[in-house]
Each structure stands twice: as structure tokens, then as C-alpha cells.
Q: 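Here you go, one structure.
It should be emphasised that the depicted structure is a prediction, and the values quoted were computed from it without experimental measurement. Order of listing sets the numbers, starting from 1, for every ligand and every atom in it.
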Amino acid sequence: MAYALGIDSSTQSCSALIININEGKVVAEASVNFGAQLPQYHAPSGFIPDGENGEVHSDPLMWLDALDMLLEDLAGQCDLSKVSAVSGAGQQHGSVYLNSQWTHRVKALSPDQPLSEQLAPALSRTTSPIWMDSSTSLECQEIAAELGGDEVICAKSGSIAVERFTGPQIRRFWKNDTAAYEQTERIHLVSSFLCSVLIGGDAAIDTGDGAGMNLVNIEYWDWDQELLDATAPDLKDKLPDVAQGNTVVGELAGYFIEKYGFAAGVPVTVFSGDNPSSLVGMGASQPGKLVISLGTSDTFFAAMPSVVADPAGCGHVFGNPSGGSMSLQCFVNGSLAREAVKDRFGYDWEQFSDAFAKTHVGNGGKRMLPFFSPETSPRIELAAPVLTGGDAFENWQEADAAIRACVEGQFLNMKLRTAWMQLAPEVIYLTGGASKNDAIAQVIADIFQANVQRLVVSGSVALGAAMRAASNSLGKSLPELESLFCQPEPDSKRIPRSDPSIYSKAAHELEGLLTSAVN
Ligand code: XUL
């Protein structure tokens, strides 16, 4: 049979799709919104609101209920006995803490009771810190001090110690609730937790999601004893194995066969993080293509020809689920910054787009550091965006020039900050809400001097998971699957049109502006 199931347990919802790899079609799709469909967890946006000291947690039982609901929905849409390969992905960095009951409970799941009821007694920590949690600055400093500085951690783990990463989160749990830490026999990521439930035993953590922990060494892709020791005692014993993304970790457990009608013996490929999975779902798993996702914040990621870490410590290196490594860099000032400029002039999105036709490439030297809130790439906190280029412009009296300056500033900064990846992309794939804006797409094509395209893909995380499952277990290669499922949107191609020297000069000027803003 030629069906593969991909699951995406993200921050606000759990979604899935089933693909038919012979026909190149999505045959079923479902999604459970945590806030709307599981109101009993009091997490309207998928996390428990009003956490103290930067804490952002979610209830892992909510993720289990959503999984049950999702499979029930899918079983109503399609005969699940036709599914012959499964994989998935989870929001990165979040962690689940399990006690001595975990091993036997996950092995003996009965179809007569929901997953959440059977596994609730196996939690040694009732809630899970997720990627939005910023409570661990002190722990990051402690880990860095123990290792000999951020550069050492970055070279080993692909990132400096980062608040949302799992290692610093584990350290804080150990410090604040040592007894519960000691009762913890297993720590899983969101991805490996759900995968474990599906196979009825501990699943490995893949190199894509594992690298978001500050615990895996990116040279040999396994736990790094020094990083473990600097984080918390006896940590290695509490963690599952690390595996490459093409590993089959088990077969679907009896619970799913009996309850939802899956066939016996369905292989499950190790789950990954949502970003690594999206890399595959966007058809960019081989070097040469890169993805820019234009969302609340903008994210830039790409398969890497070789493993290098960002010397400035802003970017991240993760494992690429299809082998090798990938880079990821987040820019906090994404759509919110574009929206702030638009709103400042009372424009709608059409007027915003028209501003590009009324101004010229390079904006006549009018520049903006478009950081409305603290930025992570580079790490900078400005009282307000910095503008340069004449009094009227600097006093926000030139709406169209300000809009171009904001967007040019964002992508010039992105080009500068991602230079460490040493990529020479043939094509950039755009995704996310603002990717529909052709004017923005043209600016990106000109700044990166590369072709820019939108894909018809929606739900690239779940699609990437289904494609990984299919390529591991159903005998179709990823390139074949990409040509079936990752097609460019007709007429969305933008090619570089401007003289490259305009934006190299502009990049130089922006870097100068940045240096003087920091000093
Ligand atoms: C990546 C990150 C988020 C989460 C949630 O480092 O924190 O993108 O993966 O989507």
C-alpha cells in the first residue's frame, strides 16, 4: 500500500496528513486546535498563560488527547489499514518528564481508555516547558561558565546556551525541584514523546530535534558528556538514544491497531523537530535551496553542505533529517515590524505593496534598522528603530520610503547575519503569511541575487514527516517525493532584476549603522 501518515504536534495545534505516494495526492487531512477543541486544559493558544519569570509551559496530556482526536478524525476520512509508513514532528525544545511507571505503562496501552488517562500517572512533572519559555538565563550563564564560555558550547552543540533549549530547561528543573528530577527516569522531547507513545516504548531523539537541546555534539551527533555534566547530574541515564533521521524506531503499537484500524507491523520513522521536518516538506532537504518563512518572526533555514556553527552565536545548527546538517536562524522583527510601519502611516496592505512601485531599489540611501522589539539576530535592543537619510525621512514623514527601508533593512540584515552559513542558493523558497506579497519577494530576490519562489505546499511540517516516512519505508526517494509534492506556485517566480552593486553598498551602510547603534 502506498499511504504515509505525517503528524505535526505544534504549539497551537496537532495536525496530520496522509499522502498517496503513487498518485502524488494528499488523501486525508485533519487538525485539532488545542485552545478551541480542548478547552479543559485552559490553554487558549496551546500554552498555560501568565507563567511567572518567563515560564511558558503546556500540559503534555493535552498533546495526547489531541493525538487521539486527530486519529479518530482521520479514521473517519480514510481506511487507516492502508497506511504503511508513519512519522511526525514536534515543536522544538519542549520536554516531557517521566517517572518509573512510564516504561510499563507505555508498553501496555489499552484501547479501552484514552492515552492521557493511562499515561498521566507516568509524569514526574505535570507540565512541560516549551520553546517560548525564557526563564533560564541564569542556567545558560552557569552552563557557559562551566564549559568555558559560549564559544565552546556553540562549537560543540551548534548553538550558544539558549534559554528555550532543553538543556538549560532541564538544569532549572533539577535546581528548583531536585526531588522530582531524581524521580525522573526518562526525559523526552515533544517529538520523541509522541513517537514513543506510537510505538509503545522509548523512541530515540533524532539529530534534527536533538541539536535544539545544547546537549548533542554536532561533530559526532551523539550526547556530549561535558555538556551533560554541565547541565544536571546523571542526565545521560535519563535520555533516550540519539538517531539519524532515517532510522525506523519501531512499529505502531497495538493500541492504534485496535482502536483506529491501522494494520499490524506499520514501521514508524523517528520523529523530528518542526523546522527540520519543514525543510523536507518544502523540498529543500538538499543543499542549494533555502527557505525563508515570513511569519510573526522571520525564520531562515537551509540544508548545509558542511557543519559550521555561527561564530556570532545567533544562528543554530541542527541535524538535517535527510542526512548532514541544517542551519536555522530566527529574526524576531518579522511581520510585526512590517505591520508597525504600515500602521504608523494608517496604510492597508495594498498601499504597503504600492510603496515599492513608488520608490527605487536601494531607496536612495534611506536606511532603517527595523528593530521594534529586542532582536536576536543580531542581539540588540533599541529604544526605537534607527533611521538615516535626511530630516523628513528620519522624522517618519516619508511613508513609502519608510516601508521600503523597513523591508530592505530586514533582508539586508538577514543576508549579513546568515553569511556564516556560506550558502550560494540557486533558489529561495518562501513560505508564511507575508510570502504572498510579490513586492517583498522581489526585494528578497534582489538582495540575495537568487530566484525566489512560493510553493503550493501547505502544512510543510506534516508533509515533511509523511515524506520522510515514505522515503524510509516505502522505497521512494526524497527527490522523487519532492517532485510529486513540492511544486512551485504558478507565476510566483521572482528573478533578480537590480544591479547587485546597489545592495552590496546598502549592506555595507546598514552594517555601519548597526555598529554605531551598538556602540
Ligand atoms: C526553533 C523554535 C521554534 C519552535 C516552534 O528554534 O524555537 O521554531 O520549533 O515552532
Q: In residues 422-436, what donor-acceptor pairs under 3.5 Å come from side-chain atoms, sequence neighbours left out?
A:
from   : atom 1 : to     : atom 2 : distance (Å)
Ser435 : OG     : Gly432 : O      : 2.5

Q: Checking side-chain hydrogen bond (donor to acceptor under 3.5 Å, both in side chains) against Asn472, which of Thr269, Asn246, Thr247 comes through?
A: Thr269
Q: I'd like a table of the close N/O pairs between ligand 1 and the protein (anything under 3.5 Å), one pair per line with both atom names and the distance.
A:
from     : atom 1 : to     : atom 2 : distance (Å)
ligand 1 : 6 (O)  : His93  : NE2    : 2.7
ligand 1 : 6 (O)  : Arg164 : NE     : 3.4
ligand 1 : 6 (O)  : Arg164 : NH2    : 2.7
ligand 1 : 7 (O)  : His93  : NE2    : 3.3
ligand 1 : 7 (O)  : Arg164 : NE     : 2.8
ligand 1 : 8 (O)  : Asn275 : ND2    : 3.0
ligand 1 : 9 (O)  : Gln92  : N      : 3.1
ligand 1 : 9 (O)  : Asp274 : OD1    : 2.7
ligand 1 : 9 (O)  : Asp274 : OD2    : 3.4
ligand 1 : 9 (O)  : Asn275 : ND2    : 3.3
ligand 1 : 10 (O) : Asp274 : OD2    : 2.5

Q: Scan for side chain to side chain donor-acceptor pair (under 3.5 Å) pairs involving residues 280-294, sequence neighbours excluded, and state none if there are none.
A: Ser285-Glu482
Q: Check whether the ring centres of Phe165 and His316 lie less than 6.0 Å apart, and answer yes or no.
A: yes
Q: Determine all donor-acceptor pairs shorter than 3.5 Å in which one atom belongs to a side chain in residues 144-152; sequence neighbours excluded.
A:
none

Q: Using a distance-only test with no angle check, is there a side-chain donor-acceptor pair under 3.5 angstrom linking Gln169 and Asp133?
A: yes
